[in-house]
Structures are given as C-alpha cells and as structure tokens.
Amino acid sequence: MTDTPRTSEATPSGAPALSAQYAPGDVEQRRYEQWVADGLFQADAKSDRPPFTIVLPPPNVTGSLHIGHALDHTVQDSLARRRRMQGYETLWLPGMDHAGIATQNVVERQLAGEGLSRHDLGREAFVERVWQWKAESGGKILGQMTRLGDSVDWSRERFTMDEGLSRAVLTIFKRLFEDDLIYRAERIINWCPRCLTALSDIEVEHSDDEGELVSIRYGDGDGAIVVATTRAETMLGDTAVAVHPDDERYRHLVGTEVELPLTGRRIPIVADEHVDPAFGTGAVKVTPAHDPNDFEIGQRHGLPNLTIMDDHGVITVHGPFLGLDRFEARPAIVAALRADGRIVAEKRPYLHAVGHCQRCSTTVEPRLSLQWFVRTGPLAKAAGDAVRDGRVRVEPQELTKRYFGWVDNMHDWCISRQLWWGHRIPVWYGPEGEVVCVGPDEQAPTGPGWTQDPDVLDTWFSSALWPFSTLGWPDETADLAKFYPTSVLVTGYDILFFWVARMMMFGLYAMDGRQPFDVIMLHGMVRDQYGKKMSKSFGNVVDPLDWIERFGADATRFTLARGANPGADVPVSEDWVQGARNFCNKLWNATRYGLGNGATLDGELPPQEQLTTVDRWVLSRLQHVIGEVDEQFEAFELAKVCDTLYHFAWDDVCDWYLELTKPVLNGDDEAAKDRTRRVLGHVLDRLLRLLHPIMPFVTEELWTTLTGERTVVRAAWPAADAARIDDAAEAELANLQRVVTEVRRFRADQGVKPSQRVVARLDGLAGAGLTAHEGLIRSLARLDVEEAASGDFAATAKLAVGVGVTVELDTRGAIDVAAERARLTKDQAAAEKEAAQCRAKLGNPAFTDKAPEPVVAKIRQRLEAAEADLARITSQLEALS
RNA sequence: GGGCGCGUAGCUCAGUGGAAGAGCACCCGCCUUACAAGCGGGGGGUCGUUGGUUCGAACCCAACCGUGCCCACCA
C-alpha cells in the first residue's frame with residue numbers, strides 16, 4: 001500500500017528530518033515499542049490532582065474483539081491521555097476477559113464444526129479448549145488501537161479463573177447470601193432448549209411471530225367453559241381454569257370442576273384478578289409449570305405444578321404424546337382435540353409476541369426450575385437513587401429516563417447458568433440436604449455425599465464487580481483507596497442495562513454506598529456509511545485490524561472518534577478512514593514544512609507588538625481553538641473535538657498560515673524570519689499536543705522530531721492565553737482572505753492557469769487595513785507588480801472585491817466578458833436578495849419595535865453592506881458593456 | 001401494547017428562536033518548490049407534511065406521515 005519510507009535527509013536548519021512519505025505502520029510500531037520501553041503506562045504518582053480512572057469494559061460481549069471495542073478504546077484512551085497531559089494521575093482498569101457465555105459460544109461453534117458438542121468433551125477438556133481459544137485470539141485490538149500497555153494480562157486472569165472463583169466473586173456472593181439477597185427458588189425461568197440453560201430477562205428477545213390461537217371447550221353441558229391458547233400442547237399440564245372474579249358469565253362456575261380433555265383429569269375453576277375478561281372468552285387455562293403468569297396464579301390458589309416437558313422441550317407425560325418435541329406435540333394435540341369435537345374456533349395465523357434465545361434464536365420455553373436469584377429490590381433502589389440525587393451523571397442526560405425505567409422495574413435476577421465456562425456457584429450440598437455457601441479462604445466441605453452446585457454464574461455477575469474487583473477488592477489496596485469511585489465509564493448504550501445498572505447495584509452494595517463511577521458516558525453503536533447496523537449477513541462488518549493494517553491506528557481512531565458524540569451512533573466507512581489517513585498525512589507534511597523552514601521552540605514567544613498581523617492572527621485562532629476543545633472534551637463531545645481540530649489544522653494552519661509565512665521565510669529580514677519561525681514552532685507544537693489524545697502515534701512522531709523532546713505523552717496540555725487573542729488581527733485577516741479569494745475566483749472564471757503570473761495594480765488597501773499585506777496578497781493570488789520601466793501595463797479588467805479594494809489586472813488579452821458578466825450577475829442577485837430581506841425586516845414596525853436593539857442594529861449593518869456591494873457590482877457590470 | 005429518539009445537500013451528520021453548515025461524493029482548472037493521500041474554484045437543500053405560537057421558526061407547540069431503538073406475562 002505505502003512505499004517504504006525514503007531515508008532521512010538533513011534539513012537546511014540541521015533539524016532531524018521526517019521521511020517524505022508518511023508510513024503509519026512503521027511509525028506506530030516504533031512509537032509503541034518506545035512507550036513500553038519507557039514505562040509510560042504506569043500511573044504517575046506525583047500529581048496533586050484527583051486521580052482519573054476509566055473503567056474498561058470486559059471484552060466478552062460478543063465473544064470476540066470487534067470494531068465496537070475499538071470505539072470504546074479510542075474514546076477511553078483519548079480521555080485518559082488528555083487527563084494525563086493535564087497532570088492527573090490516570091488509571092485505565094485492565095481489560096480482562098471473564099466468565100462470558102459468549103466465550104463459550106464461540107468454542108461451541110468451533111466444536112459444532114467438528115461435529116462435536118461440549119458434552120462430548122466433558123467439562124474439563126472443554127474449559128481447556130476455551131483457554132486455548134482465548135490465548136490465540138485475545139487482546140489484539142486493545143493493543144493495536146492504543147498500545148497503552150499490555151493491558152490484557154492473561155496470566156492474571158488464568159490465575160483467578162483457575163481458582164474457580166475469584167476472591168471478589170466469592171466475597172460478594174457470600175455477603176449477598178448472608179444478607180438474604182441471594183436465594184434459590186423454583187421459579188418459571190426462560191429456558192433455551194437448545195443451549196440447555198436458563199436465560200435472564202435481558203437474554204430473551206421478543207418478536208411478533210405467526211402462531212395460532214385455538215379455542216378449546218373444557219367440560220360438557222352447563223359446566224363447560226371455553227379457553228383460548230396459542231400453546232395447545234401445554235394443556236396437558238393444566239391444573240385449573242381461571243376467570244375474572246367480577247365476570248358475571250362465569251360466576252356460577254367458580255368453585256366447580258371441569259374435566260380436562262384427553263387426560264380425564266378434573267381441574268378446578270378459580271377466580272383471579274389477573275384474567276382480562278375482555279380478551280378471548282374471558283377464561284384462561286392455567287399451566288403453572290409452563291407459564292409465568294399461570295405460575296403466579298397457581299401460587300395464589302395453591303395449585304399443583306405439573307411439568308410435562310423435559311429440558312429439551314420434549315413431552316414427558318401421557319402415552320400418545322410422550323417423546324414428541326413441543327412443536328410436533330402442538331398439531332398432534334390439536335388434531336386429537338378436534339377429533340374429540342373440542343375445538344371451538346381456530347385463528348391461524350395469529351400474530352403474537354414470542355421470546356427467542358438471544359444467542360441461537362430458539363423459541364424460549366418458560367420452564368419451572370430450581371435456580372439462583374439476586375433479590376434486586378433494595379439494590380436497584382440504591383442504583384436509581386444514586387443517579388436521582390446527582391451523585392452519578394449520565395451523558396447524554398436523555399438516557400437517564402431509560403436508566404430509571406430499568407432500575408425501577410427490575411425483576412429478581414436469575415444468576416445461575418447451566419454452562420461450563422465461568423465462575424461456579426460457591427454452594428455445596430450435603431448428604432442430609434445441607435446447603436453451605438463457601439466464602440473466600442474457607443474450606444469447602446468434603447466427604448461422601450457432598451457436591452458443588454454444577455451451575456456457573458451469569459457473566460454479568462462478575463462484570464458487575466469490575467470497577468472495584470480490578471482494583472484489588474476485597475483487599476483494601478492502595479489502588480482501591482485512590483481510584484474508587486472511578487471517574488468515568490465509557491461504553492455503548494446497548495449495555496446500559498446489562499452491565500452499567502448491575503455495576504451500580506454491586507458497587508453501591510459492596511463499597512458501602514459509594515458509587516462505582518461519577519460519570520457514565522454512553523456512545524452509540526458503530527454503523528456503516530448508510531447508518532446500517534453492522535452484521536455478518538449484510539456483509540458490512542469492518543475488521544479494525546484490517547483498517548489498522550491499511551490506514552493506521554491513528555486513522556482508525558480518528559474515524560471512530562469523529563463520530564463519537566454522546567448517545568449518537570457512529571457511522572464509519574472506508575472512504576472516511578481514508579480521509580482520516582489523509583489528515584495524518586497532512587499533519588506530516590505540515591510538520592515537514594515547519595522543520596524545513598526552521599520552525600523552533602527555542603526561547604520565549606516574541607511579545608505581541610513585535611509580531612506580524614499574520615502571526616498574531618494564528619495565535620489568536622489557536623487560543624479560541626484551545627478553549628473550544630477544552631469545552632468539548634469536558635462535555636465528552638469527541639466528534640466536535642475532532643471537527644474543531646481538523647478545521648483549525650487544515651483550513652487555518654495549512655491553507656492559510658503556512659502559505660502566509662512563505663513570503664516572510666523566503667525574505668531577507670532575518671529578525672522577522674526568526675520571530676515567525678518561533679511562532680510557527682509554537683503553533684505546530686500546540687496543535688500536535690491538542691491532537692495527541694486522538695491520534696497518539698503520528699503526533700508523537702512529529703512532536704518529538706519537532707521539539708527534540710522524549711515524548712508528547714507527558715507534555716503539558718495547552719492552556720488558552722487570553723493575552724494572545726487579537727480581534728483586530730482576525731478582522732484584518734478576514735479582509736485579506738476575502739481579497740485573495742475574490743481574485744482567485746476571477747482567475748478561475750477567466751480560465752487563467754494557476755501557474756500563470758498576472759500583472760496587477762492594487763488600490764484601496766489602506767481603507768481595508770491591508771497596506772502592509774500587499775506582498776502577501778500578491779503571493780497568494782499570484783499577482784505580479786507592474787514593471788514601472790516597461791510601461792506597457794494595460795489593465796484589461798478592473799475588479800472591485802469589496803472591503804474597498806480594487807484590483808486592476810493585465811491579463812494580456814481580452815477577458816472573457818460573458819464569464820465575467822455571468823459571475824457579476826450572480827453576485828448582484830445575491831446582494832439584491834440580501835438587501836431586500838433586510839429592507840423588509842426594517843420596514844416592519846413590529847420588528848423594529850419588538851426585536852432587541854442589537855438584532856436590529858445587525859440587520860441595519862447587513863443592509864448597508866448589501867447596498868454597498870450592490871453599487872459596486874452594478875457599476876462593474878455597467879463598465880463591462 | 002407502553003416508552004424514548006430521529007426525519008436538514010447524493011451519503012453520514014452538526015446546527016435547537018434572530019443571515020441554511022461540515023466531511024465525503026460531484027463538476028471545472030491545476031504535478032504552483034510541505035503535501036496529487038494534494039492545491040485553487042464551483043454547483044447542490046421550499047430543513048418530512050399540515051396547522052399553531054412569535055415581529056421573526058430548521059429550532060417552540062399540536063396533529064399526521066415515515067423511520068429507528070428499548071421495554072412488555074393479554075392467554
């Protein structure tokens with residue numbers, strides 16, 4: 001892709017040279033190795049500012065590292081690098097993987113490819129296989145996006161996992177257990193018959209599917225009652241029929257019994273508030289073992305729970321249907337009922353919400369099962385209050401509503417999973433039915449008949465401990481004392497509920513009511529250039545390693561950061577990462593220009609009064625930019641930071657400032673050259689510092705070359721200097737830019753080649769305050785001075801460019817009158833429209849009376865300017881004839 | 001079914017009461033000595049629709065249309 005860099009050449013000033021070609025791969029690798037060698041990633045202990053901590057999400061969400069992680073890392077690392085430059089002690093919590101269901105999924109998929117399942121391997125071999133996969137695949141992106149230390153410490157994780165349970169998990173489990181916040185109960189849970197595991201509410205995805213609604217008559221004669229169901233097969237497990245207590249139609253039946261078809265069992269008719277009399281027939285079959293609502297009804301009425309399916313979803317009762325899969329059983333049972341004359345009505349297709357396993361899309365089966373739960377009531381209340389009372393801020397604030405909606409309506413949390421990879425539940429069961437929870441540093445009971453619960457904990461159980469377990473909790477470590485609560489959590493809004501809410505609950509609980517972080521910064525999902533979700537089936541998935549390889553980590557980071565505003569999704573495309581790479585290249589070349597022209601940081605920045613307007617202008621712009629970037633960083637508006645710096649670097653510095661320094665630096669006034677060299681060095685220095693958090697590698701390379709210093713990582717973050725703000729210089733430069741642009745426009749319209757110098761006479765510069773800048777204007781607009789001696793200057797065009805300046809040009813031939821007339825006519829129309837708008841406003845007494853005076857004054861000024869323009873353009877048009 | 005967003009240039013998005021913006025894409029001209037991964041110039045939008053509030057609306061309010069996400073035990 002890129003050529004090998006050319007060997008360095010010495011520059012005129014003797015400064016070290018950059019290769020002519022920017023080669024991101026080489027630069028980034030070299031810089032990374034240097035940072036590691038210099039040990040730049042340990043926390044600095046010398047700061048008196050509060051520590052700045054970032055919580056790094058465990059990369060377990062999808063089971064592999066992807067562009068979403070690259071986004072997390074970019075934002076986190078950018079925030080951290082700026083804080084470090086500001087003198088904060090920063091810590092980035094390590095990104096260890098942990099007990100992820102997804103981790104297991106990846107390996108299960110591999111096994112499926114070999115025609116195996118985990119049950120074929122056995123628990124031990126399976127776990128070993130997961131380790132193998134992790135060792136081969138883990139941590140790559142984390143390093144290459146940021147190279148911020150080898151933050152993935154697999155050996156440490158291996159240690160904690162080999163213990164079976166990390167101390168943190170054990171500690172909090174035991175504490176919750178003893179506080180009666182963890183309990184084991186038989187409940188209806190979401191069960192995936194394919195994965196053979198319980199699912200929490202958030203692992204179930206609902207969709208409207210086509211099913212059937214079948215009405216079945218239970219009983220005969222006067223005592224008959226018709227129920228409707230979408231799941232006919234569960235009727236085998238019915239233990240009652242329920243109606244609403246106030247439903248007149250059925251009042252006489254409450255307390256009686258009906259015969260359950262096909263089985264001959266007699267079941268009671270009960271009255272329960274849950275039933276909606278308006279839906280269907282107003283009577284509902286009750287299957288407590290296979291429906292959450294029915295379970296509740298069953299509890300209230302003391303009904304038995306009759307389980308009719310095994311964990312694979314296969315019918316386990318009643319001869320004719322025994323051994324049928326649940327989806328085979330449904331039509332079979334409907335057919336049998338129809339043959340019996342019991343089907344009263346059928347509606348097919350019937351659209352209704354059905355739950356699916358998040359991972360394999362299998363239809364979820366509600367199943368009565370013995371599981372472990374966290375009693376979330378008090379924990380969730382505390383998690384909500386911490387945001388309500390302002391201790392924790394959510395950015396963007398709009399998402400707090402969603403947060404409350406979640407924590408204020410949280411069901412108890414099913415934490416047991418029937419997987420083999422993860423932290424095992426630390427509970428042993430004894431031969432006499434004993435239940436013992438084993439805490440850290442406690443001996444598990446041994447002896448015949450004692451067994452450990454085979455289930456593992458939900459992946460989010462250990463993730464919820466992240467902000468403090470990574471700091472050494474439950475030990476009272478120095479890190480914990482210093483860095484908890486952490487400063488900011490950066491993650492996508494998609495796991496606000498999965499992860500963030502749980503960290504809040506456990507953080508507040510384990511750390512005596514102290515929140516796990518002060519700010520929750522939520523960004524969006526990475527999407528493609530059409531705003532589409534990335535998915536393998538669309539084929540629009542981006543591999544960040546591929547981009548890093550082809551465009552560089554800086555370009556990849558800039559592309560992501562440029563889209564990363566709080567709460568907003570982040571669209572990316574190859575075109576844009578190319579643009580980001582081009583920007584890196586632009587900085588490279590700008591710095592080469594500086595080095596080649598003696599840009600320096602030696603000595604004090606010259607005082608304002610010694611500087612040219614151009615130098616004062618660029619310094620003034622710089623101060624504004626520093627202020628804006630600071631504000632945007634504090635508001636976590638990374639996209640705006642990128643935008644501000646991109647435009648300052650490219651438009652102000654490269655397109656104007658560097659060009660404007662050329663006449664000075666190529667001139668003869670050595671003192672003036674030195675002053676501009678110093679300003680040039682200052683501007684490049686500050687620009688590179690400001691960009692460093694977002695593009696660490698290229699700025700490090702350029703900054704160290706420019707300054708001769710060791711690293712920009714520890715350079716101070718720039719502070720705005722109000723004394724360098726110069727409104728007059730900015731106004732003067734605006735005039736200069738206008739004149740130059742107008743001449744360029746004329747030249748382009750007239751088809752004058754850029755390389756062709758044109759003789760011109762400039763008038764009226766004094767009025768625009770541009771007297772001193774004639775040379776600059778001529779340089780940028782490529783206008784030559786008339787040769788007084790030759791005397792053959794013949795103005796073929798006279799250009800009135802506004803701000804009172806006129807330019808007479810000798811284009812050595814007839815100008816294109818038609819083109820010129822077209823241009824002027826267009827300008828005239830624009831000026832006329834503007835003038836008309838202003839006049840209309842000013843002619844409206846309602847406006848002049850009610851609008852604030854500054855607004856009215858501004859409109860008056862605009863009218864004057866428009867009328868002046870109009871006069872100028874009109875007279876020019878007339879002169880064209 | 002409930003809740004929260006969003007609809008601005010071909011694409012992705014800023015702008016949230018006082019002159020319609022950016023990046024990319026597009027058109028024209030250029031190898032001008034930091035940079036063709038570039039330089040200069042240019043075209044392009046009745047700001048979803050309809051009402052309302054206001055001297056003034058892309059921006060505030062209402063309704064509608066379109067679209068996205070989250071939540072949900074109506075059998």
Side-chain angles (χ1 to χ4, degrees), chain A residues 2 18 20-22 188 201-202 206 213 227-231 234 242 274-276 278-281 283-287 291-296 352-353 355 366 398-399 401-402 405-406 409 493-494 496-497 524-525 527-531 533 551 562-563 565 567-573 575-576 578-597 639-640 642-643 646-647 654-655 658-659 662 666 741 744-749 751-757 780-782 834 837-838 841 844-852 854-856 858-859 862 866:
Chain A
T2 47
L18 295 166
Q21 190 82 31
Y22 161 62
I188 294 279
D201 287 350
I202 48 184
H206 294 266
L213 185 67
V227 298
T229 180
T230 54
R231 306 199 53 204
T234 62
H274 168 75
V275 180
D276 175 7
F279 185 89
T281 59
V284 60
K285 61 193 274 305
V286 182
T287 322
D291 182 281
N293 296 315
D294 294 5
F295 181 78
E296 298 291 323
H352 65 128
E398 297 86 69
L399 285 170
K401 274 176 277 184
R402 274 203 203 178
W406 179 256
N409 299 299
Y493 59 67
D494 56 330
L496 175 62
F497 309 131
M525 308 293 91
R527 291 172 181 276
D528 74 4
Q529 61 194 308
Y530 303 109
K533 212 171 184 169
F551 305 105
R562 203 174 194 185
N565 266 336
D569 284 339
V570 182
V572 298
S573 84
D575 283 347
W576 303 343
Q578 241 168 55
R581 190 265 322 262
N582 294 355
F583 181 49
C584 295
N585 193 43
K586 192 72 178 169
L587 294 171
W588 187 272
N589 284 312
T591 308
R592 281 182 65 212
Y593 170 83
L595 290 169
N597 287 283
K640 286 180 183 144
C642 292
D643 206 52
Y646 181 92
H647 285 292
C654 291
D655 286 350
L658 296 190
E659 294 303 324
K662 284 177 183 174
N666 294 333
T741 303
R744 283 173 175 170
R745 206 175 140 214
F746 174 82
R747 290 177 55 124
D749 288 343
V752 178
K753 299 209 161 148
S755 52
Q756 187 184 335
R757 312 268 330 176
L780 293 180
R782 294 177 177 271
E834 166 76 357
Q837 274 179 356
C838 294
K841 281 201 174 189
N844 180 359
F847 172 74
T848 47
D849 291 351
K850 296 195 179 182
V855 174
V856 179
K858 204 171 159 196
I859 298 289
R862 277 172 50 194

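Any value given below was found using the heavy atoms of this structure, including those in side chains, with hydrogens, waters and symmetry copies removed. Naming convention: chains lettered A, B, ... in sequence-line order (proteins, then strands); numbering from 1 in each chain.
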Report task. Check the pair Tyr493(A), Asp569(A) against side chain to side chain contact (heavy atoms under 4.5 Å, CB included), reporting the backbone distance first and the verdict last. Result -> CA-CA 9 Å; Tyr493(A) 59 67; Asp569(A) 284 339; 2.8 Å; yes

Pair assignment for [N], Watson-Crick or G-U wobble, requiring both distances under 3.5 Å:
N	answer
G38(B)	C30(B)
A19(B)	none
U54(B)	none

Out of [options], which nucleotide sits closest to the side chain of [X]?
X	options	result
Trp406(A)	C24(B), A37(B), A72(B)	A72(B)
Lys640(A)	A75(B), A14(B), A37(B)	A14(B)
Pro754(A)	C4(B), C30(B), A22(B)	C30(B)
Arg402(A)	G41(B), G18(B), C4(B)	C4(B)
Lys285(A)	A75(B), A22(B), C4(B)	A75(B)
Trp576(A)	C24(B), G41(B), A19(B)	C24(B)
Tyr530(A)	A75(B), C55(B), C11(B)	C11(B)
Lys401(A)	C4(B), G41(B), A75(B)	C4(B)

Report which part of the nucleic acid [X] touches: base, sugar-phosphate, or nothing (heavy-atom distance under 4.0 Å, all strands).
X	answer
Cys654(A)	base
His274(A)	base
Thr848(A)	nothing
Ser755(A)	nothing
Lys586(A)	base
Leu658(A)	base
Asp655(A)	sugar-phosphate
Tyr493(A)	nothing
Asn844(A)	sugar-phosphate
Lys533(A)	nothing
Arg744(A)	sugar-phosphate
Glu834(A)	base
Pro852(A)	base
Arg782(A)	base

Should [X] and [Y] count as side-chain neighbours, where that means a heavy-atom distance under 4.5 Å?
X	Y	value
Trp576(A)	Pro571(A)	yes
Pro292(A)	Glu296(A)	no
Lys662(A)	Tyr593(A)	yes
Asp291(A)	Thr234(A)	no
Phe847(A)	Val855(A)	yes

Tell me if the side-chain of [X] makes a donor-acceptor pair with the base of [N], cut-off 3.5 Å, by modelled atom types.
X	N	value
Lys753(A)	C30(B)	no
Glu659(A)	A34(B)	yes
Asn293(A)	C73(B)	yes

[atom1] atoms of [N] and [M], separation to the nearest Å:
N	M	atom1	value
G41(B)	C24(B)	P	14 Å
G66(B)	G23(B)	P	35 Å
C60(B)	G15(B)	P	12 Å
A9(B)	C4(B)	P	27 Å
G68(B)	G48(B)	C1'	15 Å
G18(B)	C6(B)	C1'	26 Å
A75(B)	G5(B)	C1'	32 Å
A37(B)	C69(B)	P	39 Å

Point to revise | Closest contact, heavy atoms only, Ala590(A) versus Leu658(A) | key: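 Distance-wise, the nearest heavy atoms are CB-CD1, 3.9 Å.
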
Review point. Considering all heavy atoms of both residues, which atom of Leu213(A) and which atom of Ala228(A) are nearest to each other, and what is their separation?
Key: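 Between these two residues, the closest heavy atoms are CD1-CB, 4.1 Å.
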
